[in-house]
Amino acid sequence: MPITEFLERNAKLYGDDVCLVEVNPEMPETRRVTWREFELIEPVRAPYYRREITWSVFDEKANRVSNLLLERGVKKGDKVAILLMNCLEWLPIYFGILKTGALAVPLNFRYAADEIQYCLDLAEVNVLFFGPEFIGRMEQIADEVGKHRLLYYVGDGCPGFAEDYTMHAANCSSRAPEIPLTDEDYAAIYFSSGTTGFPKAILHKHRALMHAAKVEQNHHETTKEDVFLCIPPLYHTGAKMHWFGSLITGGKGGPSQGQQTPVHSAGGFRGEMHHCLAPGSLGAGSAPGAGQRGNKTGNVPAGAVEADAHRRPAGSPEPDPPLEGIFPPPQIRHQLRLK
């Protein structure tokens, strides 16, 4: 069962329920600024805002992305990259890519211009979605990377070397495309951080994404009533795949923007937060009430199983079966080339 079917199910069952909330406390402006230049300027602070969408709108936006890509010639097996900071558009674009049968290729927002170009070339990317924070880096490589691929800009003030995603997607159909998908179809290419050299690619099938979703929902004991605050970047498997648990249950999630502390980000949810996923450097205990049911925290990589985490307390009649017996282990590493 491809993971896109959970989105379509949620749109039918919980269509009017809020599913994604973007909370942005006052953040310094980084538009048209590369990450290396950012510390050299005096930042202008943007006002607080809060945006949210329902499951039906989420699915509708994903369908518009999918139909936009299909109209531009993207077909099953093609690759579409995402170079965005956490925002409300991130996940609808990701699921829109999956619905076409193409492979989603999330990119690390810390990549320099040459690393971005390297990943686009290695993965043979056909289309790139990028945001305002990356205009500076994209300008350096636009002539090269724009020769044989589409560049879609997500945000206000589209640069001349790209096309306006919002304007183009608004005119596309909101109906789901009829593209058959199976668990054995390729779904995504994820890159390593590149700390020991240039980034390395890992290929995932739809079966791997579904396995991660089931494991994360089981680890976090996520319910429909829970709210999942995701502070790490969505390009990372250890963030988005944690949120997959909320996708299974139809719960609410929040992709946090910027470099915020868990307490700062959680404050924007006005007491709604039940789960907080914070980067390891911040520590799980950074959020108030860490470890308590109703305000759980955790940072277990997707697919990982803690030692004896599935066992019953001492004295129980019999132990639970290992998670591997419940959810078959996915085959997530393959050759990058699909030919």
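Looking at residues two or more places apart in sequence or on another chain, you find no side chain to side chain donor-acceptor pair (under 3.5 Å) involving Thr249. Partners of Arg72 according to the salt bridge (charged side-chain N to carboxylate O under 4.0 Å, His left out) rule, which considers only residues two or more places apart in sequence or in another chain, are Glu163.
Side-chain atoms of Leu247 and Asn10, non-hydrogen and from C-beta on, do get closer than 4.5 Å to each other. With a 4.5 Å cut-off on side-chain heavy atoms, Leu128 and Val145 do not count as touching. Counting heavy atoms from C-beta on, the side chains of Phe6 and Met1 come closer than 4.5 Å. Here the side chains of Glu22 and Glu52 are not in contact, with every heavy-atom distance at 4.5 Å or above. Residues Ile189 and Lys79 are in side-chain contact: their nearest non-hydrogen atoms beyond the backbone lie under 4.5 Å apart. Side-chain contact between Lys205 and Asp183 is absent, with no heavy-atom pair separated by less than 4.5 Å. Looking only at side-chain heavy atoms (C-beta outward), Ile141 and Ile116 come within less than 4.5 Å of each other. Using a 4.5 Å heavy-atom cutoff, the side chains of Leu234 and Pro106 are not in contact.
The CZ atom of Phe244 sits 11.5 Å away from atom CZ of Phe228, with the distance rounded to the nearest 0.5 Å. Interatomic distance, His204 NE2 to Met210 CE, rounded to the nearest 0.5 Å: 15.0 Å. For the atom pair Met241 CE and Cys230 SG, the distance stands at 12.0 Å (nearest 0.5 Å). Between the CG atom in Leu122 and the NZ atom in Lys200 there is a gap of 11.0 Å [rounded to 0.5 Å]. Interatomic distance, Leu68 CG to Thr100 OG1, rounded to the nearest 0.5 Å: 10.5 Å. Atom-to-atom distance recorded for Cys19:SG and Leu88:CG is 8.0 Å, nearest 0.5 angstrom.
The minimum heavy-atom distance between Ile3 and Ala213, with the atom names listed, is CD1-CB, 4.0 Å. The minimum heavy-atom distance between Ser192 and Pro199, with the atom names listed, is O-CB, 3.4 Å. Here the closest heavy-atom approach between residue Arg149 and residue Asn126 is recorded as CB-O, 3.0 Å. Across Phe130 and Leu151, no two heavy atoms sit closer than the pair CE2-CB, 4.2 Å. Heavy atoms only, all atoms of each residue included: Ala11 and Trp55 are closest at CB-O, 3.9 Å. Here the shortest heavy-atom pairing between Leu107 and Ala81 reads CD1-CB, 4.2 Å.
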Between Tyr111 and Phe191, does the side chain to side chain contact (heavy atoms under 4.5 Å, CB included) criterion hold? Intermediate values first, please. CA-CA 11 Å; Tyr111 286 159; Phe191 280 91; 3.3 Å; yes

List the steps and the verdict of side chain to side chain contact (heavy atoms under 4.5 Å, CB included) for Val80 and Val105. CA-CA 6 Å; Val80 181; Val105 186; over 6 Å; no

Step-by-step salt bridge (charged side-chain N to carboxylate O under 4.0 Å, His left out) determination, Asp226 to Lys252: CA-CA 7 Å; Asp226 286 335; Lys252 185 190 298 185; over 6 Å; no

Please assess His211 against Glu216 for the test side chain to side chain contact (heavy atoms under 4.5 Å, CB included), listing each intermediate value before the final yes or no. CA-CA 9 Å; His211 172 81; Glu216 293 306 329; over 6 Å; no

Evaluate side chain to side chain contact (heavy atoms under 4.5 Å, CB included) for Ile93 paired with Leu84, printing each intermediate quantity in order. CA-CA 10 Å; Ile93 289 175; Leu84 296 170; 4.0 Å; yes

Evaluate the criterion salt bridge (charged side-chain N to carboxylate O under 4.0 Å, His left out) for residue pair Glu60 and Arg64; output intermediate values, then yes/no. CA-CA 6 Å; Glu60 175 187 317; Arg64 291 187 188 277; 3.2 Å; yes

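A salt bridge is absent between Asp185 and Arg207: the closest approach of a Lys/Arg side-chain nitrogen to an acidic carboxylate oxygen does not fall below 4.0 angstrom.
Under the 6.0 Å cut-off for aromatic ring centres, His236 and Tyr190 do not qualify, their centroids lying 6.0 Å or more apart. For Phe58 and Phe95, the gap between ring centers is short of 6.0 Å.
Under the 3.5 Å distance criterion, the side-chain polar atoms of Ser56 are matched with a main-chain donor or acceptor of Gly15. Panel note: side chain Asp78, backbone Lys75; a donor-acceptor pair is recorded below 3.5 Å. Side-chain N or O atoms of Asn67 include one that pairs as donor or acceptor with a backbone N or O of Asn63 at under 3.5 Å. Side-chain atoms of Arg9 come within 3.5 Å of backbone N or O of Ile248 as a donor-acceptor pair.
Two different hydrophobic clusters hold Leu209 and Leu181 under the rule that ILVMFWY side chains link at heavy-atom gaps under 4.5 Å. The hydrophobic cluster containing Ile97 also contains Phe109, counting ILVMFWY residues as joined when their side-chain heavy atoms lie under 4.5 angstrom apart, directly or transitively. At a threshold of 4.5 Å between side-chain heavy atoms, the hydrophobic network of Ile, Leu, Val, Met, Phe, Trp and Tyr places Val57 and Leu20 in one connected group. Both Leu150 and Leu69 are assigned to one and the same hydrophobic cluster, defined by single-linkage of ILVMFWY side chains at heavy-atom distances under 4.5 Å. Side-chain heavy atoms closer than 4.5 Å link hydrophobic residues (I, L, V, M, F, W, Y) into clusters, and following such links, even through other members, never connects Val65 to Ile179.
More than 12 heavy atoms of other shown residues, nucleotides or ligands fall within 6.0 angstrom of atom NZ in Lys224.
Looking at Arg137, Met138, Glu139, Glu133 one by one, the single match for side chain to side chain contact (heavy atoms under 4.5 Å, CB included) with Ile135 turns out to be Glu139.
No side-chain donor-acceptor contact under 3.5 Å links Tyr94 and Lys99.
Within the structure, the side-chain hydrogen bond (donor to acceptor under 3.5 Å, both in side chains) test picks out no pair touching residues 164-174 (sequence neighbours left out).
No cation-pi contact links Lys240 to Tyr235, judged by a cut-off of 6.0 Å to the six-membered ring centre and 45° from its axis.
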